[in-house]
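Starting from 1, each residue takes its place in the sequence as its number.
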Amino acid sequence: MRVHRGISDFRRESDIRTWLYTITVNTCLTRLRRKVPEQVHPDADNRESEKEWDAITSDDNPEKLLIEQDTKNLLVKALELIPPDEKEILLLFYIDELKYNEIATVLNIPLGTVCTQIYRARRKLRVAMKVIQKELAG
């Protein structure tokens with residue numbers, strides 16, 4: 001709805017994709033600020049177990065699938081330990097696959113700041129992953 005309402009304000013000074021990401025990021029941040037804790041379904045653990053069992057029993061290498069799942073879980077936990085703005089910039093870069101200049105436009109920050117923040121966020125993510133690995137080992 002925001003895109004539909006705001007299309008008349010689009011000045012074509014940037015790529016439409018960047019403009020859409022900006023609206024999406026701002027909408028998500030607004031919702032996160034107002035977010036009410038979600039209700040967890042009582043069978044949520046069972047559904048997750050079913051997914052894991054399906055993955056283990058698939059034709060793929062079960063050991064590889066378990067390692068990938070452990071890595072994903074570790075990464076998700078580590079992302080929770082870094083500040084939201086740094087998590088956001090990593091997600092825009094790695095998940096949404098935006099280029100540095102697109103991230104700068106979406107977040108309305110200088111290009112040099114994007115480079116610096118991605119570098120710092122990667123370092124903090126590495127540290128967070130090591131902390132979690134130590135906690136799990138010990």
Side-chain angles (χ1 to χ4, degrees):
M1 291 301 294
R2 290 178 194 254
V3 171
H4 180 69
R5 281 187 246 139
I7 194 71
S8 61
D9 295 333
F10 179 60
R11 296 184 299 270
R12 294 177 179 26
E13 293 172 1
S14 65
D15 184 43
I16 186 100
R17 183 175 149 207
T18 306
W19 181 73
L20 290 171
Y21 267 105
T22 303
I23 291 173
T24 304
V25 166
N26 289 336
T27 302
C28 291
L29 290 174
T30 300
R31 282 210 177 172
L32 284 173
R33 287 184 198 109
R34 289 189 256 152
K35 188 174 180 179
V36 177
E38 292 181 20
Q39 296 287 330
V40 177
H41 190 278
D43 294 333
D45 291 336
N46 292 338
R47 283 194 213 132
E48 191 61 36
S49 297
E50 287 177 27
K51 287 180 189 176
E52 289 176 10
W53 179 252
D54 290 341
I56 291 170
T57 57
S58 74
D59 291 335
D60 293 331
N61 179 346
E63 181 181 9
K64 178 183 172 193
L65 291 172
L66 285 174
I67 291 170
E68 286 175 3
Q69 185 63 39
D70 285 346
T71 304
K72 286 178 188 175
N73 290 338
L74 178 66
L75 183 59
V76 168
K77 287 179 184 178
L79 279 169
E80 291 173 6
L81 295 178
I82 66 173
D85 57 331
E86 292 175 343
K87 177 172 30 176
E88 175 185 32
I89 206 161
L90 287 176
L91 294 176
L92 287 172
F93 185 71
Y94 287 108
I95 303 300
D96 296 330
E97 298 179 347
L98 294 183
K99 296 177 183 145
Y100 282 31
N101 61 338
E102 292 172 324
I103 294 171
T105 304
V106 168
L107 298 179
N108 195 29
I109 58 176
L111 182 60
T113 303
V114 171
C115 299
T116 302
Q117 286 185 357
I118 288 177
Y119 173 77
R120 288 180 183 162
R122 285 177 182 152
R123 276 193 355 212
K124 286 185 181 178
L125 186 62
R126 271 190 227 106
V127 169
M129 289 182 78
K130 287 178 184 177
V131 166
I132 292 171
Q133 284 175 327
K134 285 181 184 178
E135 287 176 2
L136 292 174

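In this structure Gln117 satisfies the side-chain contact (heavy atoms from CB on, under 4.5 Å) test together with Ile89, Ile109, Thr113, sequence neighbours excluded. In this structure, Tyr94 has no ring pair (Phe, Tyr, Trp, His ring centres under 6.0 Å) partners at least two apart in sequence or on a different chain.
Closest of all the heavy-atom pairs between Ala128 and Ala78 is CB-O, 3.7 Å. Annotation for Ile118 and Ile103: closest pair CD1-CD1, 4.2 Å, computed over non-hydrogen atoms.
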Original post:
Would Val114 and Asn101 count as a side-chain contact (heavy atoms from CB on, under 4.5 Å) if you check the C-alpha gap in whole Å, the side-chain angles of each, and the deciding distance to 0.1 Å?
Top reply: CA-CA 8 Å; Val114 171; Asn101 61 338; over 6 Å; no

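Leu90 and Val131 sit in two unconnected hydrophobic clusters of ILVMFWY residues. Membership requires side-chain heavy atoms under 4.5 Å apart, directly or through other members. Put simply, Leu79 and Val127 are part of two different groups of oily side chains (I, L, V, M, F, W, Y) that touch within less than 4.5 Å, one to the next. Following chains of ILVMFWY side-chain contacts shorter than 4.5 Å, one can reach Leu81 starting from Leu74, so the two form part of one hydrophobic cluster.
Residue pairs satisfying the salt bridge (Lys or Arg N to Asp or Glu O under 4.0 Å) criterion with at least one member in residues 104-127, sequence neighbours excluded, are listed as follows: Glu86-Lys124. Evaluation of the salt bridge (Lys or Arg N to Asp or Glu O under 4.0 Å) test over residues 129-138, restricted to residues two or more places apart or in two chains, returns none. Screening residues 93-105 for salt bridge (Lys or Arg N to Asp or Glu O under 4.0 Å), with sequence neighbours left out, gives Arg17-Glu102. Applying the ring pair (Phe, Tyr, Trp, His ring centres under 6.0 Å) definition to pairs two or more places apart or across chains, none involves residues 117-138.
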